[in-house]
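Atoms within each ligand, like the ligands themselves, are counted from 1 in listed order.
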Amino acid sequence: MKVLHVAAEVFPLVKTGGLADVVAALPAALAAQGADVRLLLPGFPAVLESVQGARTVIEIGACFGALHVRLLLARMPGTQLPVYVIDAPYLFRRGGSPYQDGRGEEWPDNLQRFALLGWLAAHLAGGDADPDWAPDIVHAHDWHAAMACAYVAEHPPTPAATVFTVHNLAYQGLFPMHDWPSLGLATRLMSPAGLEYHGQLSFMKAGLKFADQVTTVSPNYAREIATYEFGCGLDGVIRGRGEAVTGVLNGIDDAVWNPATDPALAELYDAERPAGKQTCRRALQAELGLDRDDSALLLTVVSRLTSQKGLDLVLAALPALVQSGVQLTVQGEGEPALQAAFQMAMSSHPGRVHVHLGYDEARAHRLIAGADAIAVPSRFEPCGLTQLYGLRYGTLPIVRRVGGLADTVTDASPKALAEGTATGFTFDAATPVAFEKAVLRAAEMRADAAAWRGMMRTAMARQSSWAGPAKAYLDLYRKALKARQER
Ligand code: ADP
Ligand code: GLC
């Protein structure tokens with residue numbers, strides 16, 4: 001089966017969040033199970049500089065406001081994975097993030113930039129972009145790639161089926177309706193039954209309405225987004241797709257995230273030889289200037305600093321937690337108010353709180369290995385990857401029971417402890433008190449060394465490789481193709 005993954009990010013070339021991790025690991029896992037997988041990416045500078053053996057597949061010329069567009073075929077660095085790259089200098093060769101300029105403003109031509117991504121995916125599916133390869137499945141990720149589903153649907157005769165994965169429903173790709181003519185789509189789609197969303201044009205709706213199968217990154221989030229509370233205004237559309245919406249839990253790249261082989265760590269460790277974790281912990285305290293305190297619960301946060309992540313709860317609970325002997329280390333970047341508040345917290349609690357504003361992969365590994373626990377108190381969380389990294393590193397997650405966090409962490413209830421299934425600490429209310437209680441439960445549990453070690457062992461034994469999810473996606477692809485053929 002030939003599968004084209006369409007996305008705006010891929011680790012390690014371009015990454016703003018977990019999407020990039022998924023787009024890096026899932027294609028490799030599908031290929032390992034026999035699928036013929038390729039990627040389609042926008043030609044951001046980091047992509048053009050990193051891919052190997054690039055050659056031009058087709059010169060497209062002027063489209064979507066760019067004078068010169070061509071499609072390249074290359075390989076992902078260090079792998080055999082073929083990657084199509086859209087070289088459109090006017091649209092993609094610029095600094096800043098994939099979506100925003102250096103001041104944090106959305107690029108004003110995002111409509112053209114990401115419509116081009118979807119449009120080229122549809123031409124690959126139609127066989128007219130690359131005569132040598134056409135996918136059976138176009139798998140589009142998030143709103144950036146969602147237009148692929150509308151263009152494939154409007155591009156007959158295309159035998160390919162489409163799968164759309166929602167990584168985060170809160171980012172929808174909304175544009176003014178007057179930009180509609182740039183899309184080159186039939187005007188009948190300019191309605192609520194098509195891409196219109198309360199007077200705007202929604203790329204997210206292109207995926208939700210036109211994909212043969214819609215997935216999201218955990219079964220629980222798949223249920224949540226069909227409700228008013230988590231549906232971000234699209235719950236009606238999602239309910240309308242009925243059983244075509246399912247959840248497939250993300251895996252993690254267990255070659256990148258493995259404490260037994262991780263080059264970032266002060267000492268390697270695993271469930272059988274856990275002693276190295278203590279070395280990592282001491283090294284981390286020394287590196288960050290935290291008190292060398294063996295009895296403290298050392299808590300970490302590695303996160304985008306946005307309201308989604310619930311970090312205001314951490315800030316509000318912090319004075320009481322520090323009072324109880326907890327140490328905290330935070331690494332993140334994002335909203336200026338949260339950045340400033342965390343910086344203040346660091347200066348108020350020397351030796352107990354450390355904050356690093358910025359993005360640093362190797363440092364994230366050291367934090368997750370050296371801490372005792374990792375906090376993910378999100379308001380909503382489609383899947384969440386850092387709690388999975390925490391589990392793998394024996395760094396027990398303290399999470400709010402929502403989305404994929406609820407699907408991946410088993411609370412240390414008396415029953416779960418007795419059954420030996422507990423892997424972390426969960427709480428329900430999005431309040432500082434509920435978070436604080438969960439952290440204090442963890443601190444108390446840590447004081448019982450044998451119980452804590454038992455939980456660490458259970459957490460580290462949890463299967464979170466991509467093999468299972470890749471098989472689930474292959475089953476889904478077959479279902480999508482069958483549905484397509486029957487239409
Ligand atoms: P989201 O995609 O919503 O940001 P995830 O938990 O799925 O949340 O993925 C976040 C990814 O980004 C993880 O791989 C995490 O380690 C990484 N990450 C987030 N912030 C930072 C940071 N400041 N430095 C390094 N890695 C980070
Ligand atoms: C999104 C979500 C996150 C998920 C990631 C990868 O960014 O916010 O929960 O883990 O995508 O699917």
Side-chain angles (χ1 to χ4, degrees), residues 5 7-12 14-27 97-99 139-145 164-172 204 215-222 224-225 230 232 247-254 256-257 262 264 300-311 329-335 338-339 342 354-369 371 374-393 395 397 399-400 402-409 464 466 469 473:
H5 280 265
E9 304 183 20
V10 64
F11 176 82
V14 181
K15 169 165 165 174
T16 71
L19 169 65
D21 295 331
V22 174
V23 175
L26 173 59
S97 97
Y99 321 116
H139 188 159
H141 297 271
D142 265 351
W143 74 262
H144 330 117
F164 176 57
T165 296
V166 179
H167 292 262
N168 195 332
L169 195 62
Y171 301 98
Q172 301 188 349
M204 180 62 88
T215 75
T216 185
V217 287
S218 68
N220 194 36
Y221 191 61
E224 287 174 346
I225 57 176
F230 292 97
C232 302
V248 179
L249 195 65
N250 283 336
I252 61 173
D253 189 330
D254 48 12
V256 175
W257 291 95
D262 191 330
T300 192
V301 168
V302 176
S303 181
R304 288 186 293 120
L305 303 182
T306 65
S307 59
Q308 169 189 345
K309 300 294 180 179
L311 298 170
T329 164
V330 177
Q331 174 165 303
E333 60 184 4
E335 290 168 15
L338 282 170
Q339 297 199 158
F342 273 113
H354 184 274
V355 174
H356 175 76
L357 299 179
Y359 193 92
D360 186 330
E361 273 305 317
R363 226 165 165 287
H365 285 242
R366 295 202 295 281
L367 258 53
I368 291 174
I374 181 162
V376 194
S378 307
R379 295 216 144 65
F380 67 94
E381 195 61 74
C383 178
L385 295 177
T386 59
Q387 85 281 10
L388 296 175
Y389 302 151
L391 290 168
R392 189 96 207 280
Y393 281 62
T395 305
V399 303
R400 184 150 177 262
V402 287
L405 300 171
D407 283 338
T408 52
V409 179
S464 46
W466 271 104
Y473 278 115

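Taking only non-hydrogen atoms, the option from Y359, Y171, F11 nearest to atom 27 (C) of ligand 1 is Y359. Scanning G18, G358, G384 for the heavy atom closest to atom 10 (C) of ligand 1 points to G18.
When only modelled atom types and interatomic distance are considered, E9 and Y99 share a side-chain donor-acceptor pair under 3.5 Å.
Considering backbone and side-chain atoms alike, G384 places an N or O below 3.5 Å from some N or O of ligand 2. Close N/O approach between N250 and ligand 2 is found [any backbone or side-chain N/O within under 3.5 Å]. Geometrically, ligand 1 and D21 share a nitrogen or oxygen pair separated by less than 3.5 Å. Every N/O-N/O distance between W257 and ligand 1 stays at or above 3.5 Å. Considering backbone and side-chain atoms together, G18 places no N or O closer than 3.5 Å to any N or O of ligand 2. The shortest N/O to N/O separation between E361 and ligand 1 does not fall below 3.5 Å. Checking only distances, L385 does come within under 3.5 Å of ligand 1, N or O to N or O. Annotation: D360 places an N or O atom under 3.5 Å from an N or O atom of ligand 1; distance criterion only.
Summary of contacts: the protein heavy atom closest to atom 8 (O) of ligand 1 is K309 NZ, 3.1 Å. Remark: minimum distance from atom 4 (O) of ligand 1 to any protein heavy atom is reached at R304 NE, 2.7 Å. Here the heavy atom of the protein found nearest to atom 20 (N) of ligand 1 is S303 C, 3.5 Å. Looking only at protein heavy atoms, the nearest one to atom 24 (N) of ligand 1 is Q331 NE2, 2.8 Å. Atom 12 (O) of ligand 1 has its closest protein heavy atom at K15 CE, 3.5 Å. For atom 15 (C) of ligand 1, the closest non-hydrogen atom on the protein side is T386 CG2, 3.6 Å.
Taking the six-membered ring for Trp and the full ring otherwise, the centers of H141 and H139 sit less than 6.0 Å from each other.
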Check against side-chain contact (heavy atoms from CB on, under 4.5 Å), M204 and F164: CA-CA 10 Å; M204 180 62 88; F164 176 57; 3.6 Å; yes
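Less than 4.0 angstrom separates some heavy atom of N168 from each of these atoms of ligand 2: 8 (O). Residue-ligand proximity, Y389 to ligand 1, at heavy-atom distances under 4.0 Å covers atoms 13 (C), 14 (O), 16 (O). Taking every non-hydrogen atom of G332 and a distance limit under 4.0 Å, the qualifying atoms of ligand 1 come out as 23 (N).
One finds the CZ atom of R304 at 6.5 Å from the OG1 atom of T16 (value rounded to the nearest 0.5 Å). The CG atom of L26 sits 8.0 Å away from atom OG1 of T165, with the distance rounded to the nearest 0.5 Å.
A heavy-atom separation below 4.0 Å is not found between R363 and ligand 1.
Contact annotation: for L19 versus ligand 2, heavy atoms closer than 4.0 Å belong to the backbone alone.
The two residues R366 and A264 make their nearest non-hydrogen contact at CG-O, 3.4 Å.
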